[in-house]
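Below, chains carry the letters A, B, ... as their sequence lines are ordered, and counting in each starts from 1.
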Protein chains: 4
Amino acid sequence: MSSVEPVPVAMSGSIEGAAVPLDITVRFAETDQMGVVHHSEYVVWFEAGRVAWMEAAGMPYTEIAGAGFNFAVTDLQCRYRNAIRFGDPVQVVTRLGIFRSRQIEFLYSIRNRETEVIYADGHTRHICVDSAGRMTRVPGWIAERLNRAAAIRACGG
Amino acid sequence: MSSVEPVPVAMSGSIEGAAVPLDITVRFAETDQMGVVHHSEYVVWFEAGRVAWMEAAGMPYTEIAGAGFNFAVTDLQCRYRNAIRFGDPVQVVTRLGIFRSRQIEFLYSIRNRETEVIYADGHTRHICVDSAGRMTRVPGWIAERLNRAAAIRACGG
Amino acid sequence: MSSVEPVPVAMSGSIEGAAVPLDITVRFAETDQMGVVHHSEYVVWFEAGRVAWMEAAGMPYTEIAGAGFNFAVTDLQCRYRNAIRFGDPVQVVTRLGIFRSRQIEFLYSIRNRETEVIYADGHTRHICVDSAGRMTRVPGWIAERLNRAAAIRACGG
Amino acid sequence: MSSVEPVPVAMSGSIEGAAVPLDITVRFAETDQMGVVHHSEYVVWFEAGRVAWMEAAGMPYTEIAGAGFNFAVTDLQCRYRNAIRFGDPVQVVTRLGIFRSRQIEFLYSIRNRETEVIYADGHTRHICVDSAGRMTRVPGWIAERLNRAAAIRACGG
């Protein structure tokens with residue numbers, strides 16, 4: 001895990017393979033009566049990070065969904081390390097994990113973008129489904145971009 | 001399902017007509033750091049009340065949606081009277097308000113089902129849209145049931 | 001309503017009285033099976049707009065809450081004009097409405113930040129409550145900033 | 001409340017021990033544009049199941065929170081097996097997993113209460129924190145009830 005540090009990469013249309021940061025402004029509605037962000041919101045933030053990653057990798061989720069495909073979640077795991085409060089400067093950093101013909105994995109780190117304290121980390125695993133919800137192969141143009149991202153990652157990207 | 005007519009219930013105070021009650025168990029996730037239920041959740045509860053009303057009126061929302069129609073919200077109003085806490089015994093009481101060929105209104109009261117203290121009340125107004133999101137007339141079988149409910153209300157049911 | 005056009009103001013620490021824009025990236029979780037953003041999410045976005053307005057007016061909500069005060073919502077109204085889809089470039093524009101010693105009103109417009117098509121507009125009204133949830137006067141330092149904002153607004157700001 | 005012991009229920013298949021079932025009515029707001037329940041909602045349902053379990057075990061969460069304690073989530077895992085649609089008869093079945101002086105684990109199964117098809121299963125792990133958010137031992141009266149539940153489970157209850 002020592003190599004898992006999110007790689008600060010210049011944001012641009014060409015970000016692929018690497019870690020994509022997304023700043024989150026905590027919403028008051030996301031807090032609970034313990035005075036901290038409710039743990040279910042992290043899952044929504046993971047998704048926001050994933051969508052930002054796909055946008056940066058040149059495969060916007062609107063295009064994937066527009067073409068009739070979706071990345072259905074099959075597995076979710078989250079480790080909560082430090083509570084998040086309203087006003088905290090939150091950042092989700094998303095990376096591609098495993099990519100196989102039938103499975104895509106994303107890795108997430110939620111951190112304080114100023115102190116870099118880690119609030120939580122986790123992963124989601126996905127299968128590609130068509131508009132009828134049937135499992136299908138990842139379409140070629142998406143697979144190509146994911147392969148490119150995986151290659152960059154393997155090179156230490 | 002044809003026997004699941006709206007139950008004319010004499011509710012407290014001035015609530016009359018085919019009022020359909022729905023008990024709500026407050027979820028911890030619905031609280032915020034003020035220690036009360038976040039005001040946006042009431043809108044979700046209004047919807048849950050509306051769905052229960054439609055079920056009771058013999059027009060389950062799953063059937064409406066299954067037939068390719070939806071009741072899109074055009075107007076929302078809510079008056080918040082008393083804060084709701086985790087553990088409070090909440091009940092949403094839903095009634096039909098206006099029903100015209102192009103508009104349906106539902107009226108809501110959120111109350112403590114033991115003390116009958118009113119937490120909030122409000123309304124939503126809707127138009128009927130088809131699966132492409134275009135405004136359309138309320139389909140005959142739904143209009144019939146809405147008219148029946150409106151008649152019961154007019155009779156002071 | 002003709003004067004209600006959100007006033008494009010240069011974002012800075014000194015924005016007061018005027019319309020404060022906040023860009024929103026629609027989250028996939030915010031859509032529903034009609035393929036559009038669920039109407040309850042607009043209420044959360046209103047709140048995000050309000051928090052941004054307070055920040056811009058020099059009264060961050062974290063400070064207000066930190067001092068033991070909250071702006072509890074008493075009234076909510078929303079008019080839905082056009083459906084919002086995942087990927088739409090959304091912006092909430094927030095302005096101060098009424099400000100009296102016992103009531104604060106915020107006005108919202110949710111629009112497409114490219115086409116300026118209006119998706120929805122509405123308002124919320126608030127009272128100031130202390131940490132025990134009791135209604136109280138708006139604290140002096142906050143009232144001062146609100147008055148300044150109201151004055152700027154009256155001058156056509 | 002002292003008579004509200006966890007009910008040892010023989011559930012389908014291998015679900016054993018003090019399994020507490022909770023029926024869930026899917027809310028329209030919980031669906032997404034894939035036409036299924038959004039995966040983040042399962043986390044909220046796990047929590048609802050946990051709260052029902054605690055109520056059944058004679059340790060209502062309102063009392064725990066009222067005494068200044070909370071069960072903060074440290075780990076979350078969910079395996080999604082079948083999509084859930086609006087109208088599906090959902091049930092969350094919650095059991096106690098591990099219970100140690102510093103860790104409590106709950107196990108969940110989300111299933112169709114008619115067909116018993118499993119939609120998802122998972123677990124959450126918790127530490128006990130005081131009102132300042134500091135980790136603390138599980139208070140005696142709660143530990144006692146958890147031990148009793150663990151004993152019932154060990155006896156194959």
Greatest number of heavy atom pairs closer than 4.5 Å to chain C - which of Gly122(B), Ser131(B), Cys78(B), Gly133(B):
Cys78(B)
Ala65(C) versus chain B, the contacting section by heavy-atom distance below 4.5 Å
side chain
Just so I understand: if I count every heavy-atom pair under 4.5 Å between each of His38(C), Arg125(C), Arg81(C) and chain B, which residue has the most?
His38(C)
What residue, out of Gln77(C), Met34(C), Glu41(C), has the most heavy-atom pairs lying under 4.5 Å from chain B?
Met34(C)
All heavy atoms of Val73(C) vs all of Tyr80(B), minimum pair found to be O-CB, 3.3 Å
Restricting to salt bridge (charged side-chain N to carboxylate O under 4.0 Å, His left out), what partner residues turn up for Arg134(C), sequence neighbours left out?
Asp130(C)
Where on Val36(B) is there a heavy atom nearer than 4.5 Å to chain C: the side chain, the backbone, both, or neither?
neither
Contact part of Gln33(B) toward chain C, heavy-atom cut-off under 4.5 Å: side chain, backbone, both or neither?
side chain
Around atom CZ of Arg102(C), are there more than 12 heavy atoms from other residues, nucleotides or ligands closer than 6.0 Å?
yes
Please report the interatomic distance CZ(Arg79(B)) to CG(Leu76(C)), rounded to the nearest 0.5 Å.
12.5 Å
